[in-house]
Number of protein chains: 2
Amino acid sequence: MSETKGRVTLPSEANFLEKTQEIMERWGADALRDSDGTKLDDEIKSLNAKIYTTYFVARGHNEFAEKHMDECQQIYLMSFHNIAVSEYLEIPFMKGYYEEQVIPDYLHDPKKWWEVIDRTTGEVVPSDEWELDKERHQVAISHAVLFHEYTVSFLAYAIWDPTQMYNHITNQWGDKPHDIPFDVRQTESGRFAREYLIQWLKDNPCTDVVRFTTFFYHFTLVFNNHAKEKYVDWFGYGGTVSVQALQEFEKEYGYALRPEDLVDNGYYNTPFRIPTPAYLDYMDFIQRFVAGKAAELVKIVHEAGKEAMMFLGDNWIGTEPYGKYFGQIGLDAVVGSVGGGVSLRLISDIPHVKYTEGRFLPYFFPDTFYEGNDPVPEAMRNWVTARRAIMRSPVDRIGYGGYLSLACKFPKFVDYIEKVTDEFRYIYDTAKKGKPYCGLKVAVLNSWGAIRSWQPYMVAHELWYKQCYSYMGILEALSGMAVEVVFLSFRDIRENGIPEDVDVLINAGAAGTAFSGGREWEDAKLVSAVRKWVYEGGGFLGVGEPAAFHKGGRFFQLADVLGVDKELGFTLSTDKYFNKAVDEHFITQDRTEPFDFGESMGDVYALSERTEVVEFSDGEVHIAANRYGQGRGVYIAGLPYSLENTRLLMRALYYAAGKESHLKKWFAENPCCEVHAYSEQGKYAVLNNTVEEQSTVVYDGEGTHAEYTIAPGAILWIPGGD
Amino acid sequence: MSETKGRVTLPSEANFLEKTQEIMERWGADALRDSDGTKLDDEIKSLNAKIYTTYFVARGHNEFAEKHMDECQQIYLMSFHNIAVSEYLEIPFMKGYYEEQVIPDYLHDPKKWWEVIDRTTGEVVPSDEWELDKERHQVAISHAVLFHEYTVSFLAYAIWDPTQMYNHITNQWGDKPHDIPFDVRQTESGRFAREYLIQWLKDNPCTDVVRFTTFFYHFTLVFNNHAKEKYVDWFGYGGTVSVQALQEFEKEYGYALRPEDLVDNGYYNTPFRIPTPAYLDYMDFIQRFVAGKAAELVKIVHEAGKEAMMFLGDNWIGTEPYGKYFGQIGLDAVVGSVGGGVSLRLISDIPHVKYTEGRFLPYFFPDTFYEGNDPVPEAMRNWVTARRAIMRSPVDRIGYGGYLSLACKFPKFVDYIEKVTDEFRYIYDTAKKGKPYCGLKVAVLNSWGAIRSWQPYMVAHELWYKQCYSYMGILEALSGMAVEVVFLSFRDIRENGIPEDVDVLINAGAAGTAFSGGREWEDAKLVSAVRKWVYEGGGFLGVGEPAAFHKGGRFFQLADVLGVDKELGFTLSTDKYFNKAVDEHFITQDRTEPFDFGESMGDVYALSERTEVVEFSDGEVHIAANRYGQGRGVYIAGLPYSLENTRLLMRALYYAAGKESHLKKWFAENPCCEVHAYSEQGKYAVLNNTVEEQSTVVYDGEGTHAEYTIAPGAILWIPGGD
């Protein structure tokens, strides 16, 4: 039998001892944490539980920061586009920014560190052709070209931590001081960060786990002149910059970065941009610095006999857990929030730590926990969604956030979470002890590869975007599917080829983005490497606009592999005779509901009679398959997450891999159910991934099948599995 | 009162004298023509009517052609893409072609005139690295790069005229000889074409009008190995090529064309492609040749005392009626088929001829004229659709095609056309004598400009394409709208600026096409010229992906003018606060039905609070307006043709022009009706453009209004109008 206690972290708060003890008992919690706006009192800290304490490295120390404003964090910002309607053009470059968050850096010579660009031609305006008015925060160009658009890229100081700022404004904290973020790369700040931590550890003897929230540089989060979010990129390196960093970079790499290398047309190198070599260099440069500095702090924590845990968010930039330098930090644990299978795997797959922890939904906040509302359905939906991923790769701990006192007012919720925590421990026990059955190995291919494992298509962490959900569904489906998932970059293929054991490559995204690959596909070496690999038996699944780069009469550079291409208007003159769907196909065999391709993709057509058109409607191909030598290509127009689409993807993968006959191993016919087999444990689980009862025929590893009925959201554990 | 007779051409046929006379009388016909598959007999030719006789210049003379197969017309063709799975790659370049239509040209050295291209790199394979097997029609490359795709561009002879071929196959003409097209650029063919015409004119004394069908070069129409259409481009210069032409071109221009200049990745320079300088040179070269040679023939016709009429279609390439050299041909007339307002205007606006004639639908063919079917509704729909355009710019004559004997079996149809012909003559009388009221002047802006007046978005003449109808609707709406329409090219703007009297520029199409403009918008001179013109008071209407070229942080290079841009994924990190529709707007004021943007355009967003979002749904902006200096930009996602969208466009144009207060001049409130005012004639017409009764408030030129009810499809003529 599994553990009946442990692996659960509770938020607590002052003056809540008795109820905390009761919930600890019922949920089997063995760790307690403070939370945003709560503190643990001494009585609670003395309970039989590990105590996590939130720790801020580079903010929340204004007594230091105010004395060292020249060591404030910096950021490159771009003005709006300004049209020259006369030769004399004034650009109020701070327009649209919030002066309580960012102020121009006039300490370092703007003529050296700033850039004025004619965006209509792309040319830089020589610095002797513009003047700066520091009083009015304006740049003036005397001889602008009429009706060209100009921008100013300027270096600024960030004087308010954006997370504290968001909380400050949202919670109307009034005259509470603004946390000033300082840059540990600078001499005084670096020293302060170490010394303060040493003292803090002495001052907090009850703390078992220092929960770094987080290290040094916040993801890019800039507010507008109404103090509302203006730009958010959970991956953004905007806040890592400083004159010192740029100088050190130049010294090391032998070339200087331009402001435009970071400003990037105002796109600021979002992960949707295909990264430039300079930006990749810069990321590496920052990661090495962050890993080194963070390792120093972690060492101090360890020397104090405590554990170091990192919150995956806020000031996490440069720590990328799947990056090359993360292991050097020496962390004990990572904790992050879990919204579904993708974010669960993003945490649970992290290497180089002793344990991972997922903070589950719902938060114990009044938006869910208010009188008259039942928080159980939301909790249940979230649990069954994330649970799929736990079956594949469990986090080591689960936890909750918010006000425990609020949650306690909902006894049915407390009951439900009691069951969840027990179920979690049981799954953990089983899944952690041996790898579950994997029918296939798939590799997700984009410009980023491993460093952005489980992170493609994200903008702000876990928010829904119209342009993303049709691709994000692939990852969500994979997060709980009985397949092994790795993330490959185009560079990986160029340098090392495609790993032997991969069954299917997935390339999914919009044309021109880092996820589809854009100009990366201009490289004949990459294109022919993938073709060869498929031809010799590999599978290639393209979703949306895969391998899209217009060249040589093709838009999809792997059109020959996929059997389809997208009409750009240039082949309208060519008759399309092959857009006729086959009567039935393995990929769609148990589809019962209408197809949902999300935002879908228009104008895709079959190239030849060899293309198997699986779904054709509205004059467009939405699913196609194509034999290519010994391998196969499969095309799908879009895959928003649903249980039906998860099944569609699974079938598409098996088909692409040429392993159709292996599908019905550890398999549930009903797409609302999934099977996970743990041969080393001698058992397998049939999940009901819905909140309704489900019946399904279940196949074991030999293909023997039987029918089962499973209660809403339940797991049926069956002996067997080897 | 108007003429009661004339301006109508009838098809007739042998042994149909009496009925022909009766219909001539009832419809007021004053010309008779033969038709595909019919001949006029002597009795009919002696009737009191002009006799049109179809004449083929470059085909239908096999007695000559068979003796001069080396003067056959030629074409450059591209093989399929062929993947190199081993270093030795054989390319069966004729695969997919129909050997009864095209055969490889082995007379001229393939090593000189052909091209083998590595499409994965874009590089030409040196001619000493491939071998040709003429027996098997194969090219072999000995050292192909593995998994690169290769194509062969080869010169071929066209040995069967594609129009005759189509009719031959469709009508199962069996062993009827294939019309061999010969090239009048070659010595013998050129001489034959002249001499045969001279003799023919002597042999056909009853012919009044020589109906050239057409001149020398057929639009590109290539069949596949199943004898089905493989490639069709109504504008294609594919069939104009020959070794002699290429040599003459090189001599004149000082540079040689490559096969790729014509093959163009297999796109063959469709009008959707932004034309290259070389292709524009080539078009000009061909046009000058065609105009010169055609002028010779027309002169011969005139010398025989007859008229020369050109059919706008089939072998029309190089005659472009809106091109620079058309006037030199000296034609008396052009006839073309009319499917709606656009094709009516395409004919009726043709300059340099004495008269134009439109061949109306339905054809007197069994697909419409069969027992149990009533051809009147189709005739009525077609008439009211084309009639809008006649109100603006009438053709001088209307006509019909097919079998008159078939039409006569439908007395209600004969009655209806009697009314149509009377109505036509009345409109003609009014509209021809003075320009109708124009509220605005609009210019349609694309890579082609005037030479493709009324022809944008066409692939095969008048066929519907999913990728086109959302733009074609603009032209159809404009064809009958009380605005003046001109067509401008980007080059026109670069060389001559934007004409002073234009109120609104329209740029509409898919990104990267010649209609949107693609890389043309990389030119800062063009971009700033349009910006300046709008800023100083002009109107700019963008539809679909206007001015789309990704550069400088913009996708729409005129995003500043339009107030919107399209999300490519790179600005997802930027918060979009301005996507909120205004409560009401001039552009959509009398919209009653749901919007129909056709294929529409996804992911368009408002740039700033200054953008007036007129329609926002499904997370996207579909209509927006933006003040820009003294001028305005308007964006619409797509405009398939409908009466409602015609109204939407009209309002958008008036708004863009800043002339909202002028809208209700000669205006019907009901979008199913339209007003056309003829001040010189002292009257105005209120059209009911539907086949149901309509009531509407009508405004005259002073804004005085009154309500009228108009019978289905009727025109209400009202005195006044100045």
Side-chain angles (χ1 to χ4, degrees), chain A residues 78 81 83 85 117 119-122 145-149 151 220 224 228-233 236 265-268 270 272-273 459-460 465-468 509-510 512-513 524 527-529 531-532 535 550-554 560 567-575 577 599 602-603 619-620 629, chain B residues 78 81 83 85 117 119-122 145-149 151 220 224 228-233 236 265-268 270 272-273 459-460 465-468 509-510 512-513 524 527-529 531-532 535 550-554 560 567-575 577 599 602-603 619-620 629:
Chain A
M78 191 182 87
H81 285 66
I83 190 89
V85 299
I117 296 182
R119 293 287 176 190
T120 305
T121 63
V145 183
L146 284 180
F147 292 96
H148 284 211
E149 282 189 315
T151 62
T220 315
N224 70 14
K228 285 186 176 168
E229 186 184 284
K230 177 183 172 70
Y231 182 93
V232 58
D233 173 10
N265 297 283
Y267 304 142
Y268 302 102
T270 93
F272 287 75
R273 293 284 282 169
V459 181
Y465 285 81
K466 180 178 170 72
Q467 288 80 6
C468 304
T513 65
V527 171
S528 48
R531 282 180 183 150
K532 178 172 188 289
Y535 194 84
H550 187 217
K551 179 182 174 187
R554 304 285 202 206
D560 57 325
E567 176 60 69
L568 301 180
F570 308 139
T571 67
L572 288 173
S573 283
T574 300
D575 288 89
Y577 288 110
E599 295 298 300
D603 302 326
E620 302 162 350
Chain B
M78 191 182 88
H81 285 66
I83 190 89
V85 299
I117 295 182
R119 293 288 176 191
T120 304
T121 62
V145 183
L146 283 181
F147 292 96
H148 284 211
E149 284 189 315
T151 62
T220 316
N224 70 13
K228 285 184 176 169
E229 186 184 285
K230 177 183 173 71
Y231 182 93
V232 58
D233 173 10
N265 298 283
Y267 304 142
Y268 303 102
T270 92
F272 288 75
R273 293 284 281 169
V459 181
Y465 285 80
K466 180 178 169 74
Q467 288 80 4
C468 305
T513 65
V527 171
S528 48
R531 282 181 183 149
K532 178 172 189 288
Y535 194 84
H550 187 219
K551 180 183 174 185
R554 304 287 203 204
D560 58 325
E567 177 59 69
L568 300 180
F570 308 139
T571 66
L572 287 172
S573 282
T574 301
D575 288 89
Y577 289 110
E599 295 298 301
D603 302 325
E620 302 162 349

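Proteins get letters first, then strands, A, B, ... in listed order; numbering begins at 1 in each.
- Under a 3.5 Å cut-off, the side chain of His81(A) and the backbone N or O of Gly552(B) do form a donor-acceptor pair.
- With a 6.0 Å cutoff to the six-membered ring centre and a 45° limit on the axis angle, Arg273(B) counts as a cation-pi contact of Phe570(A).
- Of all the listed residues (Glu620(B), Arg554(B), His148(B)), the one sharing the greatest number of non-hydrogen pairs under 4.5 Å with chain A is Arg554(B).
- Considering CG of Asp603(A) and CD of Gln467(B), their distance stands at 4.0 Å, rounded to 0.5 Å.
- Between Tyr268(A) atom OH and Thr571(B) atom OG1 the span is 12.0 Å, to the nearest 0.5 Å.
- Each of Asp560(A), Leu146(A), Ile117(A), Asn224(A) has some count of heavy-atom pairs under 4.5 Å with chain B, and the biggest count is that of Asp560(A).
- Chain B forms the most heavy-atom pairs under 4.5 Å with one residue out of Gly602(A), Ala510(A), Gly569(A), Ala529(A), and that residue is Gly569(A).
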Go through the steps to decide whether Arg531(A) and Thr120(B) satisfy the test side chain to side chain contact (heavy atoms under 4.5 Å, CB included), and finish with yes or no. CA-CA 11 Å; Arg531(A) 282 180 183 150; Thr120(B) 304; 3.0 Å; yes
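- In this structure, the portions of Glu149(A) lying under 4.5 Å from any heavy atom of chain B include both its backbone and its side chain.
- Interface remark: of the candidates Lys228(B), Met78(B), Glu229(B), Glu229(B) forms the most heavy-atom pairs closer than 4.5 Å to chain A.
- Comparing Val85(A), Val527(A), Asp233(A) by heavy-atom pairs within less than 4.5 Å of chain B, the highest count is held by Val85(A).
- Chain B forms more heavy-atom pairs under 4.5 Å with one residue of Thr574(A), Thr151(A), Thr220(A) than with any other, namely Thr574(A).
- With a 4.5 Å cut-off on non-hydrogen atoms, Val145(A) does not touch chain B at all.
- Taking CG of Asp575(B) as the start and NZ of Lys230(A) as the end, the distance is 9.0 Å to the nearest 0.5 Å.
- Thr513(B) OG1 to Leu568(A) CG: the interatomic distance, rounded to the nearest 0.5 Å, is 10.0 Å.
- Contact of Thr270(A) with chain B is made through the side chain alone, with heavy-atom distances under 4.5 Å.
- When each of Tyr231(A), Tyr535(A), Phe147(A) is scored by its heavy-atom pairs under 4.5 Å with chain B, the top score falls to Phe147(A).
- Note that the OH atom of Tyr267(A) and the OG atom of Ser573(B) stand 12.0 Å from one another [nearest 0.5 Å].
- The choice from Ala524(A), Gly629(A), Gly122(A) that makes the most heavy-atom pairs within less than 4.5 Å of chain B is Ala524(A).
- Between Glu567(A) atom CD and Lys466(B) atom NZ the span is 11.5 Å, to the nearest 0.5 Å.
- Both the backbone and the side chain of Lys532(A) come within contact range of chain B, with heavy atoms under 4.5 Å apart.
- Both the backbone and the side chain of Val232(A) come within less than 4.5 Å of a heavy atom of chain B.
- With a 4.5 angstrom heavy-atom cutoff, Tyr577(A) touches chain B only via side-chain atoms.
- Residue contact with chain B, scored on non-hydrogen atoms closer than 4.5 Å, involves the side chain of Tyr465(A) exclusively.
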